[in-house]
Amino acid sequence: MTKAKTKAAAPTGEHAAEVSQLRILDPDGTLIGEPPKIEEERLGEMLRLMMLGRRFDQKAIALQRRGKLGTYPPMSGQEAASVGSAFAMDPTIDHFVPSYREQLIMVHWGLPFSRYLLQRMGHPAGSVIPDHGRLWPQQVALAAHLPHAVGLAWGLKLQDREGVVMTHFGDGASNEGDFHEALNIAGVRKAPVIFICQNNGWAISIPWERQSAAASVADRAAGYGFPGVAVDGNDVLAVYTATADARARAAAGGGPTLIEARTTRLGAHSTADDPTRYVPPEWLEDATRRDPIARFRTWLTSQNMWDDDREKAAEQWCDDFMEQAIQEYDDTPKPDPEQLFDHLLAERGTRLQRQRDDFVANRETDG
Amino acid sequence: MTKAKTKAAAPTGEHAAEVSQLRILDPDGTLIGEPPKIEEERLGEMLRLMMLGRRFDQKAIALQRRGKLGTYPPMSGQEAASVGSAFAMDPTIDHFVPSYREQLIMVHWGLPFSRYLLQRMGHPAGSVIPDHGRLWPQQVALAAHLPHAVGLAWGLKLQDREGVVMTHFGDGASNEGDFHEALNIAGVRKAPVIFICQNNGWAISIPWERQSAAASVADRAAGYGFPGVAVDGNDVLAVYTATADARARAAAGGGPTLIEARTTRLGAHSTADDPTRYVPPEWLEDATRRDPIARFRTWLTSQNMWDDDREKAAEQWCDDFMEQAIQEYDDTPKPDPEQLFDHLLAERGTRLQRQRDDFVANRETDG
Amino acid sequence: MTVKNMVEAIRDTLESEMERDDRVILLGEDVGKSGGVFRATDKLQERFGADRVVDMPVSEAGIIGTSIGLAGSGLIPIAEIQFLGFTQQGFHQLGNQLARMRYRTSGSLTMPVTIRAPYGGGVRTPELHSDAFEALFAHSPGMKLVAPATAADAKGMLTQAIRDPDPVFVLEPLRGYRLVRDEVPDGEHLVPFGKARIARPGTDVTVVGWSAMVQVALQAAELAAADGIDVEVIDLRSLVPLDVDTLREAVSQTGRAVVVQEAPFTGGFGSEVAATIAEEAFPYLEAPIARVAGFDLPFPMPMLEDHYIPDAQRILRAIRAAVDY
Amino acid sequence: MTVKNMVEAIRDTLESEMERDDRVILLGEDVGKSGGVFRATDKLQERFGADRVVDMPVSEAGIIGTSIGLAGSGLIPIAEIQFLGFTQQGFHQLGNQLARMRYRTSGSLTMPVTIRAPYGGGVRTPELHSDAFEALFAHSPGMKLVAPATAADAKGMLTQAIRDPDPVFVLEPLRGYRLVRDEVPDGEHLVPFGKARIARPGTDVTVVGWSAMVQVALQAAELAAADGIDVEVIDLRSLVPLDVDTLREAVSQTGRAVVVQEAPFTGGFGSEVAATIAEEAFPYLEAPIARVAGFDLPFPMPMLEDHYIPDAQRILRAIRAAVDY
Ligand SMILES: Cc1ncc(C[n+]2csc(CCOP(=O)(O)OP(=O)(O)O)c2C)c(N)n1
Ligand SMILES: Cc1ncc(C[n+]2csc(CCOP(=O)(O)OP(=O)(O)O)c2C)c(N)n1
Ligand SMILES: [Mg+2]
Ligand SMILES: [Mg+2]
């Protein structure tokens, strides 16, 4: 398959390095490469899921402002990197090991969004992961989940089980020691794992150029003996294509792939962050012009695969989805304080049991 | 400058990957590239130092067998990687941050060999590093010294001080997280540091091919935005040339270089190790044929820069050197047990002082 | 004297120490333009430049490890770790490297390095941002460990740390950054290590705490006062070195001790304090030394954290039990 | 019963557990052809193949971190860290990851992982190979920590660890690998956690130790017997969970306790044991609880190590002091 390789500015604009990256849709929505073979209906679902991602952010930020949610990491601007990769995988057999900005993929993998919100609010009910066992919990420590993904993939391979593992992380995380050790082990074990670095240009306030002298995260794969590809992370078709290729190779025993999805963080790092302190306005303008949703919608429309009706239906679907999630969220009773003591170990142990007994007794006395 | 690039088997033989590496002298001593400009006398000193390295091993292993020395890590087979890199630097202004197999370079940097032996015997007097401050202590934890070397180089640069930092480590160490973080920071800070990976084919019993799917450690430099070069680590002229180039660039503000010296560990990992359990005899035969000392001697001889007289003089120099070192070593009195309590902090502190007082009192009581 | 909150006191101390000695350099994640996620380095990069206030890649081992090298080059690095929990990523560079350099080289190489990190809970952070694992840093001979509870001490101890010829780990109470406000001495102010502070004198029971727990202990003391119990509160503030003398003298007077830590009960630094008191003040003890601590659990989900962190009631119960023994 | 040394007992246990359950997999540095630097995995790769006995790159965080993933895939990994000191390189994968997975997921994801590492001094290793830092692993809720002193317990506790549904860290006394030899039960042998072992009954003083210190405590007890002092020696063996009941009962009888650890004094696990005894057996204590420990120093250079590690004389002095109090 031929792919158009274009030179694109590094996401942060500043000291923009020329990096060869896979791009299928130009920022203005023009097709410049060969699109992956995806049914029309699925293409629509992809756009709809991207729209939902944007909606997550709006709603969650509003909840957070009203004190109804804890810190929230928005993913606006990165919807293509999430949706393109998620749709190239099969959640019924593949596994996903997320970082903290993959709420959209987690929902795609079967996590009720209400549960995600509960997790963000600090409710222990939010911690439960789906029983199918193919979705791991959000990882807070940067890159710490990468060796987990590798071990999981290697374990599947050792047991001759089908399924490929996908894991996402940021540009910042790619500078942690865990990244290195995990990717190296994945290489030597030929583990069926796909590493997706969402290079959104920033590790909180630090642009990629001040994190590393490397032009691209994808260049690091050579040091581990497997392919690394940079893709335009705001081009959902490019992300899909690269991920699908990687998945096919992994499933065929060809081992890991590192994909750098060069994308843009349109919002704050999290609701606790004030990006106006450090994001140059020009950078944001440029990033806004590269909005992944607009780009994909333009192309779908030009192909007669999208129109106002479908847009309205998608909006409605998003509304319904959100309404239901918020309803479930609101309906969840406050946690019982004694839940503190649950799920540390299979057996509680005498010391912790005594701590719990005291806790219960004191609560009765005090209140 | 033109350099002959040749394809050479990976050091471990097994699954040998084709890696392009700098080579100036063929294993049989034939010149196949442009030799660096080094005065005849210095070339002789280089060979002599390599011979001394081999002597270190013989003597130290003998001492260890007689219980007169602790665990010792031999460096036979790796003399060119040590001497070629050391001679390309200037110990009067440059800094060296060693791992545990660089006794030869440490001596070149002004460490009395007797002191090295004392360190290996576990005598606290062996821990003192030369006052000039440009030689760091041996690092036992793999790759843990790499960020130190980077910080040092960066600090020199911040203070506009001259001097370049060189640091050595093994192929095994290159798979530690510290390697990654250190090299990345060196790149982004453009620190004047040279990373020399002595890829001797083994991390104790694990050949490179089972440590990583990467063909070469040098390939990892691309991921940090600075040059990486593989050299035939048993070719002292190639190691010298690559190091001298790296040093010139670092001194001119061009930042770091990663050099992979592809060499051969002829002996055991350490005197505590039994390599017959895992080193295939063919591997050892092959490595023995690539002896760095024989190669260099052959070439020097062919250039009329070496002959029997010089060989004898060098042997004599080695004998004298060793004799004096062993004499100093033997003459050093046993450490005073109270030395335990010295040099933890600038001030001892009351708790440790009390521990020391008790210790002294009890030793007096017990006799 | 100027009233400041804790993060202001820290920021101003960093500024004045950088001004006083141009070998002082700050490094950490987001310490530059952003001014640190808690603004402890606000505007310092603007003032001292990007070579002295350095945004580092997300590499905690690299941050601590390069600080070792910077110190070796003659500089005086202050490394910020964004949250104490992530110090674990660079754990091997602390006790096994930073703390040992002087001992390893028989005194040839010294490490005037300060590590700072916010820690402890109470502000509804995500996972791994709130654990109060000071004990993991108290068992590394060669490194000092301090945990100020007031803005004044934050200034005095941070100054002391920066000027100390040896490595010092400074723990900063995350929830105190803005909540704790007190009078901070203007100009030069140093608090020597190894000296606890009597936060409140009292004669019946000695409560020992540090960092955020000092405020809670003081609240408990107020409550106890209403019951007619006169509680002494000791702010340990220097964990390593430990002020054994003050602990001994205090408990020798009161005969009763309660040690408070936010960390999980088992293996916490409170056990060291309790064991020390038990040994040193043995003949005077009139009740068992109580340890009030977090439960033997990871720091829990935000909605449960108020139940986890020791509060004044829990401390009060221990005080009463000690008195009633 | 078969007399074995400790490393033989460990090796044979690994073999029989791998045979019993084909989900068990070993990984670590040099565990394959070499059989481990202490031969704890000798010939196991030959027997079970390179997919079940896996030589890993030198990447401690990667070894622990991939074990987490392997466990998530349904396997039962046993990771060997070559020396405990290098566990620090992977520290962030232990307490913050491995130990927390069950709690993090409200019980959805469990981690039947065993980590093994040799530790402690006495065999003249280079730096960083000998420190006895068990305390750093005892403050991670969600992970158990055990330290057998005999070959029989090494078998029983390692078996228990492998079959435990939660993570267990097994500390193996480096110097006991070959020196400690005792009768190991043949066939199935499990030692439940949280239960200390009375290594020697006695009525005058209780000495508590674990791992290599148990032998030294027994020697001290012999010496004390010559003085007419009847010493009880408790081999704690399970640090987390801690056998509070046995400690309480023992010291309630003898009224005197000496806690022995090889680690530096300050912040060691001995402080936890002492604080626990001080709290639980308070009314029975007739003398201060003594802590006999390494000094507050990094493990020293080999020529000085015999002066550093607690020996029978040091323990004996503490025993005498307790009796004479
Ligand atoms: C090990 C670790 N160190 C530091 C942090 C604090 N922190 C949270 S997010 C972040 C920046 C991450 O940037 P990146 O990996 O690019 O991901 P992004 O947030 O941009 O998606 C930092 C430093 C952390 N969570 N984990
Ligand atoms: C962090 C760490 N992990 C493990 C060890 C144990 N160890 C000592 S040497 C060695 C192999 C090192 O191989 P390499 O880096 O190639 O260096 P070489 O010994 O071949 O010179 C190992 C695993 C260590 N010293 N440090
Ligand atoms: Mg980012
Ligand atoms: Mg090697």
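In this text, all values refer to a predicted model and were calculated from it rather than measured experimentally. Just so we're on the same page: letters track the sequence lines, and every chain starts at 1.
A donor-acceptor contact closer than 3.5 angstrom is absent between the side chains of A/His343 and A/Arg348. Of the N and O atoms on the side chains of D/His92 and A/Asp178, at least one donor lies less than 3.5 Å from an acceptor on the other residue.
Proximity to chain D is limited to the backbone of A/Asp342, based on heavy atoms less than 4.5 angstrom apart. If you measure heavy-atom distances from A/Ala149 to chain D, you find no contacts under 4.5 Å at all. Of the atoms belonging to A/Gln119, not a single heavy atom falls under 4.5 Å from chain D. Within the 4.5 angstrom heavy-atom criterion, only backbone atoms of D/Asp55 (N, CA, C, O) approach chain A. Of the atoms belonging to A/Ala346, heavy atoms from both backbone and side chain fall under 4.5 Å from chain D. Neither the backbone nor the side chain of D/Pro241 comes within less than 4.5 Å of any heavy atom in chain A. For D/Gln89, no part sits under 4.5 Å from any heavy atom of chain A, backbone or side chain. Residue contact with chain D, scored on non-hydrogen atoms closer than 4.5 Å, involves the backbone and the side chain of A/Leu340 alike. Interface residue A/Leu158: only side-chain heavy atoms are found under 4.5 Å from chain D.
With chain D as partner, the option from A/Val140, A/Leu152, A/Leu352 having the largest number of non-hydrogen pairs under 4.5 angstrom is A/Leu152. Of all the listed residues (D/Ser59, D/Gly62, D/Gly107), the one sharing the greatest number of non-hydrogen pairs under 4.5 Å with chain A is D/Ser59. In terms of non-hydrogen atom pairs under 4.5 Å with chain D, the most contact-rich of A/Arg189, A/His148, A/Gln139 is A/His148. In terms of heavy-atom pairs under 4.5 angstrom with chain A, the leader among D/Val54, D/Ile25, D/Val58 is D/Val54. Top candidate by heavy-atom pairs under 4.5 Å with chain D, chosen from A/His180, A/Glu181, A/Arg161, A/Gln138, is A/Glu181.
Of all the heavy atoms in A/Arg115 and A/Ile129, the pair that sits closest is NH1-C, 3.7 Å. Shortest non-hydrogen contact noted between D/Pro112 and D/Ala71 is CD-CB, 3.9 Å. Scanning both residues, A/Pro91 and A/Arg134, for their nearest heavy atoms gives O-NE, 2.8 Å. When all heavy atoms of A/Leu156 and A/Gly163 are compared, the pair lying nearest together is CD1-O, 3.8 Å.
The shortest side-chain heavy-atom distance between A/Ser82 and A/Gln198 falls under the 4.5 Å cut-off. Counting heavy atoms from C-beta outward, D/Leu236 and D/Leu247 have side chains that approach closer than 4.5 Å.
The aromatic rings of A/Phe226 and A/Phe195 lie parallel to each other, with less than 30° between the two planes, well short of the 60° mark.
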